[in-house]
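Report on the structure given below.
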2 protein chains.
Amino acid sequence: MASASVRDVAAAAGVSVGTVSNVLNRPEKVTPGTLGRVQEAIERLGFVRNDAARQLRGGRSRSIGLIVLNAGNPFFADLARGAEERAAEAGLSVLVGNSDENATREAAYLDLFEQQRVRGVLISPLGDTGPQLQRLRGRGIPSVLVDRQTENSTFSSVAVDDVAGGYLAVSHLVAGGRSRIAFVGGPLVLRQVADRLEGGYRAAAERGSATLEVIETGSLTVTEGRAVGERIRALPPSERPDGIFAANDLLAMGLLQALNMSGDVTVPRDIGLIGYDDIAFASAAVVPLSSIKQPSALIGYTAVDLLLQESDGGDAFEHGQIVFQPELVPRESTATGA
Amino acid sequence: MASASVRDVAAAAGVSVGTVSNVLNRPEKVTPGTLGRVQEAIERLGFVRNDAARQLRGGRSRSIGLIVLNAGNPFFADLARGAEERAAEAGLSVLVGNSDENATREAAYLDLFEQQRVRGVLISPLGDTGPQLQRLRGRGIPSVLVDRQTENSTFSSVAVDDVAGGYLAVSHLVAGGRSRIAFVGGPLVLRQVADRLEGGYRAAAERGSATLEVIETGSLTVTEGRAVGERIRALPPSERPDGIFAANDLLAMGLLQALNMSGDVTVPRDIGLIGYDDIAFASAAVVPLSSIKQPSALIGYTAVDLLLQESDGGDAFEHGQIVFQPELVPRESTATGA
DNA sequence: CCGCGAGAATGAATCGATTCATTCCGCCGC
DNA sequence: GCGGCGGAATGAATCGATTCATTCTCGCGG
């Protein structure tokens with residue numbers, strides 16, 4: 001009952017194990033007659049290669065690891081899809097781990113991937129994972145940072161210019177006549193969040209008229225957004241912002257829900273709201289949500305591409321820092337009366 | 001440079017490989033002194049177990065596979081989270097594959113999992129995967145069907161009573177005074193879809209006044225929903241349904257977008273709309289979406305639980321068919337003028 | 001008829017962790 | 001002082017696919 005091994009197949013077909021392996025990996029080196037007999041035996045015995053043995057001998061696995069901040073965020077689902085596509089082209093598969101913005105979980109996945117000797121790791125890092133990644137590198141496992149620029153040119157990275165994105169977002173709000181801007185997002189240790197904020201500051205500074213206040217959140221979820229929205233709604237009009245830049249669409253949708261719950265404060269009449277990522281649901285929101293669009297699938301695709309280059313490229317390889325430009329997608333949530 | 005192996009660690013610590021293995025797996029059988037020395041060597045050499053070798057010898061891997069219909073659907077993200085949670089409790093990890101409602105991809109993932117000799121497979125099957133799953137079973141890889149009931153008691157399954165859910169949905173529409181109901185969903189080979197429709201039929205039949213028309217779609221996505229919405233909006237009022245039951249929330253959100261785009265037809269005034277799954281975005285939709293709620297994370301958690309029972313349970317194991325009950329979550333999209 | 005070379009097939013060695021039958025060691029009781 | 005006992009440590013064997021140096025087989029030219 002135990003699964004058949006190459007040895008069993010060899011016996012059944014009356015050839016040696018070496019030949020079976022050739023049939024599997026270099027069929028052109030095998031005589032048609034022999035090839036047929038072996039294939040028939042494989043079929044008959046229901047033989048399926050054991051990946052563990054393969055990898056043990058070969059030294060490298062056939063999968064790459066991907067660690068995302070939040071699997072529930074469609075942005076990452078799209079990114080994963082792109083990564084998977086490029087990996088499939090190379091005959092590899094992608095293992096997705098969800099760190100849930102939790103350093104412990106992130107470390108656990110890195111450990112897991114290290115044990116599995118994955119071909120490489122794509123990671124949307126939480127905090128400072130440098131040391132861990134260096135360590136993987138030492139073991140021959142390259143990594144690519146996704147959705148995160150890095151000053152550190154010892155790693156490849158694929159990201160979107162978050163500072164530019166933040167700038168776009170706040171500029172758009174200000175251009176619409178909003179001047180008391182609030183940035184909602186966090187934790188600020190997330191580089192993406194910090195950069196978006198940075199861009200926002202620049203835009204606000206440029207137009208002297210606008211102020212930018214920061215409301216830091218514990219995570220980037222709908223629930224968190226809703227909580228902040230409740231608080232804002234309860235503020236007296238004078239202290240209330242008239243423009244909100246949310247660090248991602250999940251937060252923005254939560255904010256929207258809470259703000260428009262009662263009629264006293266509404267988006268976009270009293271508050272202009274813009275999110276980030278332009279997830280598919282953004283346009284279907286209570287009030288269609290303005291957002292900053294990122295080429296999510298392309299990021300994943302490109303990241304795997306870089307990874308493969310590094311993995312195969314040998315010494316000649318140069319780490320690449322790829323930066324895409326974000327794009328403003330204005331919708332009703334930032335519409336002005338005019 | 002090459003990674004250190006147990007052999008290296010053994011040499012460094014002046015013990016045998018067997019002892020190193022004991023330190024790793026049964027530390028209590030090792031003298032404190034020896035244990036310390038070995039651990040120090042492990043630390044110093046940066047030794048990390050090679051999972052492939054472990055699995056090759058042990059025969060079974062430390063991960064379980066999960067195949068979902070659509071990774072972009074938050075319902076599956078939640079389900080995966082639940083699965084992951086239970087797996088982690090057992091020291092296992094979950095590999096997520098996205099079939100994207102595509103039989104070829106589904107088969108490819110099953111092959112991959114078979115090669116990896118995963119501990120078991122959780123699958124939200126597309127069509128008839130019975131034979132493939134039987135085959136895995138023959139190799140000692142049990143599977144559990146998720147989000148899908150099965151008449152076939154040779155497999156365990158965890159699902160929600162979709163017929164009941166469909167019944168709830170259509171009853172709710174009819175109770176709100178809607179009588180020309182359209183069911184939007186597909187492909188109908190998806191059991192979940194067929195069952196929801198079946199439930200809808202029952203509800204319609206029960207209230208003789210209502211008619212139920214089926215608009216079959218190619219997939220369960222926002223885009224597809226939008227397309228159908230456009231078509232419905234273009235219909236003359238007399239042919240237009242006054243209630244729509246969408247097979248999932250993604251479709252529903254797409255429909256909503258398209259329908260409410262211009263002011264002539266609106267939800268819920270002209271058409272009552274209800275979705276399925278109650279994803280987090282449903283309540284943040286243009287018009288908060290009524291839906292049928294499923295305990296998504298619990299489904300995943302329970303499925304892994306069943307899987308582990310089957311995997312460890314030996315002969316005494318009985319396949320369980322667990323069915324949860326869905327719940328109606330009425331929101332504004334089905335509100336009636338009254 | 002013999003020798004040679006190209007191509008096909010062989011099978012022992014290998015990867016690294018785990019297992020388990022065996023050996024080793026120290027100590028207690030008689 | 002010695003037999004015996006139990007706990008600790010040992011290391012050869014094992015899992016299954018792959019590799020590669022070696023052997024085998026033919027066909028053809030001389």
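Letters go in sequence order (proteins before strands), and every chain restarts at 1.
- Contact annotation for B/V30: backbone-only contact, meaning every heavy-atom pair under 4.0 Å involves sugar-phosphate atoms and none involves a base.
- Contacts of B/V20 with the nucleic acid, taken as non-hydrogen atoms under 4.0 Å apart, are absent.
- When heavy atoms are screened at a 4.0 angstrom cut-off, B/G18 is found touching base atoms of the nucleic acid.
- An OP1 or OP2 oxygen of D/dA8 is reached within less than 4.0 angstrom by no side-chain nitrogen or oxygen of B/T34.
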- request: Before giving the answer on side-chain contact (heavy atoms from CB on, under 4.5 Å), spell out for A/V158 and A/L145 the whole-Å C-alpha distance, their side-chain angles and the decisive distance to 0.1 Å.
  value: CA-CA 6 Å; A/V158 179; A/L145 305 182; over 6 Å; no
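- One atom, CZ of A/F47, and another, P of D/dT18, lie 7 Å apart when rounded to the nearest Å.
- D/dA13 atom C1' lies 8 Å from atom CZ of B/R57, rounded to whole Å.
- Side chain of B/V6, nearest nucleotide from D/dT18, C/dA17, D/dA8: C/dA17.
- Computed from coordinates, the A/I42 CD1 to D/dG16 C1' distance equals 14 Å when rounded to whole Å.
- Of the candidates D/dT18, C/dA9, D/dT10, D/dT18 carries the atom nearest the A/R54 side chain, counting heavy atoms from C-beta on.
- A/N25 places its CG atom 4 Å from the P atom of D/dT18, with the value rounded to the nearest Å.
- Counting to the nearest Å, the P atom of D/dT14 and the CG atom of A/L56 are 17 Å from each other.
- Positionally, the nearest nucleotide of DNA chain D for B/K29 lies more toward the 5' end than for the other of B/K29 and A/R49.
- Judged by a 6.0 Å distance limit and a 45° cone about the ring axis, B/R148 is not positioned over the six-membered ring of B/F155.
- Close to D/dG7, at under 4.0 Å from its OP1 or OP2, lies no side-chain N or O of B/T31.
- Ranked by how close their nearest DNA chain D nucleotide is to the 5' end, A/A52 and B/R37 are led by B/R37.
- Rounding to whole angstrom units, CZ of residue A/R26 and P of C/dA9 are separated by 13 Å.
- If you check C/dA17, D/dT10, D/dG16 against the side chain of B/S16, the one that comes closest is D/dT10.
- Of the charged side-chain nitrogens involved, at least one lies within less than 4.0 Å of a carboxylate oxygen, so that A/R60 and A/D312 count as a salt-bridged pair.
- Proximity note for B/S21 (side chain, C-beta onward) versus D/dG11, C/dA12, C/dT19: the nearest is C/dT19.
- Residue contacts for B/T19: at a heavy-atom cut-off of 4.0 Å it reaches a base atom on one of the strands shown.
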query: What's the verdict on salt bridge (charged side-chain N to carboxylate O under 4.0 Å, His left out) for A/E84 and B/R105, showing C-alpha distance, side-chain angles and the deciding distance?
result: CA-CA 12 Å; A/E84 209 172 33; B/R105 291 181 52 116; 3.2 Å; yes
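- By the 4.0 Å N-to-carboxylate-O rule, A/E85 lies too far from A/R81 to be salt-bridged with it.
- Distance, A/N22 CG to D/dC20 P: 11 Å, rounded to whole Å.
- Taking atom CZ of residue A/R7 and atom P of nucleotide C/dA12, one finds them 9 Å apart after rounding to whole Å.
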